[in-house]
Amino acid sequence: MANDRPRVLSGIQPTSGSFHIGNYLGAVRQWVAMQETHDAFYMVVDLHALTLPQDPAQLRGNTRLAAAQLLATGLDPERCTLFVQSHVPEHTQLSWLMECLTGFGEASRMTQFKDKSSRQGADRTSVGLFTYPILQVADILLYQANRVPVGEDQRQHVELTRNLAERFNSRYGRTFTVPEPHILRETAKIFDLQDPAIKMSKSASSPKGIIDLLDDPKASAKKIKSAVTDTGTEIRFDPENKPGISNLLTIYGTLTDSAVADVEQKYEGKGYGALKTDLAEIVSEWAAPFRTRTQEYLDDPETLDSLLAKGAEKARAVAVETLAQAYDKVGLLPGKH
Ligand code: TRP
């Protein structure tokens with residue numbers, strides 16, 4: 001792996017079970033592409049998942065499942081460093097230093113925290129949910145990442161990372177790379193099939209609004225065919241007036257690597273039904289090998305675990321270095337860390 005490449009780091013929570021098409025087209029696909037051009041670190045953020053209640057057996061299963069799906073989409077352990085966050089203890093260690101550098105008010109302004117905590121109520125909101133963004137800061141800074149590919153919803157967390165990196169550097173001397181957000185915005189933003197005003201997401205969508213990649217293809221086809229569209233007939237990309245059709249065009253264009261304008265042209269004069277039928281076929285063809293590969297990893301947990309152990313070892317080599325520098329800078333007495 002060439003070390004002169006810019007470093008990229010991102011993480012995905014193991015809370016969703018099957019990835020849905022929005023995860024894939026919106027994020028994971030870019031991860032796969034970036035392993036060719038970057039020194040890439042990708043992780044399954046199991047510690048972040050603990051900020052909401054998790055069933056232990058399910059968390060373990062979902063962590064393996066997330067890793068298996070990342071591998072199945074084309075992440076290659078020879079080309080990137082793929083690991084599980086909790087396997088690298090330096091994340092929580094650096095997180096403490098970052099917590100001590102963060103203002104209470106600053107953390108209170110994180111909009112994702114405000115959304116999640118208001119949905120749950122104060123009684124069920126943990127301190128971990130509050131400090132979640134600071135753990136994310138540590139995730140990023142530990143690897144001296146130059147770029148962080150995330151969705152628009154994570155922009156504020158990357159901004160916080162930049163602020164804390166700069167604060168640390170100016171207080172203690174240059175230690176951390178200040179990362180750039182690499183907002184995956186021009187790339188596909190996929191909406192709920194039943195309610196194209198909201199993003200396709202496990203927490204907000206109904207099952208009918210989501211295409212799960214591990215679903216039976218017949219079920220996915222049915223969901224696509226019953227996707228909500230407007231009462232018109234024209235197949236045109238117009239997110240304002242035709243959010244449903246525009247969403248299907250985005251999925252179609254991204255999965256087939258074609259410009260939306262070309263897809264529009266292809267369906268000129270044809271009805272919504274034709275577009276939906278073809279899209280169902282395209283999704284099913286894409287998902288079949290993905291499902292098989294995911295299952296192969298799940299059927300062989302020893303191989304999967306050993307890939308993850310190797311990934312953690314590679315990640316840790318970097319993390320240990322950064323943490324030692326940071327500990328030293330703030331004045332912790334050298335010892336056996
Ligand atoms: N908070 C991110 C999300 O929900 C996941 C995440 C955790 C992450 N640590 C990260 C993303 C570090 C990028 C970099 O999508």
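Values reported hereafter were calculated over all heavy atoms of this structure, with side chains retained and with hydrogens, waters and symmetry mates removed. Both ligands and their constituent atoms are indexed starting at 1 by order of listing.
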Check the orientation of [X] and [Y]. Use parallel for under 30°, tilted for 30 to 60°, and perpendicular for over 60°.
X      : Y      : value
Phe41  : Phe83  : perpendicular
Phe176 : Phe168 : perpendicular
His48  : Tyr132 : tilted

Atoms of ligand 1, numbered as shown, that sit under 4.0 Å from any heavy atom of [X]:
X      : answer
Val45  : 7 (C), 9 (N)
Ser10  : 11 (C), 13 (C), 14 (C)
Tyr132 : 1 (N), 2 (C), 3 (C), 4 (O)
Val148 : 13 (C), 14 (C)
Ile140 : 12 (C), 14 (C)
His48  : 7 (C), 9 (N)
Val150 : 11 (C), 13 (C)
Leu9   : 12 (C), 14 (C)

Checklist entry - Are Phe104 and Leu135 linked, directly or through other ILVMFWY residues, by side chains that come within less than 4.5 angstrom of each other? => result no

Nearest non-hydrogen protein atom, [atom]:
atom                   : value
atom 8 (C) of ligand 1 : Gln136 NE2, 3.5 Å
atom 2 (C) of ligand 1 : Gln154 OE1, 3.3 Å
atom 9 (N) of ligand 1 : Asp139 OD2, 2.7 Å

Test item: side-chain donor near acceptor, [X] and [Y], under 3.5 Å:
X      : Y      : result
Ser86  : Asp46  : yes
Glu90  : Thr322 : no
Asp278 : Tyr252 : no

Checking heavy-atom distances from atom 6 (C) of ligand 1 to each of Gly151, Ala138, Gly11, the winner is Gly11

- Do Val84 and Thr63 come within less than 4.5 Å of each other through their side chains, counting heavy atoms only? yes

So for Asp153 against ligand 1, with non-hydrogen atoms under 4.0 Å, the contacting part is neither

Using the ring-ring contact (aromatic ring centres under 6.0 Å, His included) rule, take Phe237 and Tyr267 through it: C-alpha gap first, then chi angles, then the decisive distance, then the call. CA-CA 11 Å; Phe237 187 77; Tyr267 287 91; over 10 Å; no

Salt bridge (charged side-chain N to carboxylate O under 4.0 Å, His left out) test vs Asp215 passes for just one of Lys223, Lys222, Arg291, namely Lys223

Any N or O of His157 that comes nearer than 3.5 Å to an N or O of ligand 1? no

query: Backbone or side chain, does any N or O of Gln112 fall under 3.5 Å from an N or O of ligand 1?
result: no

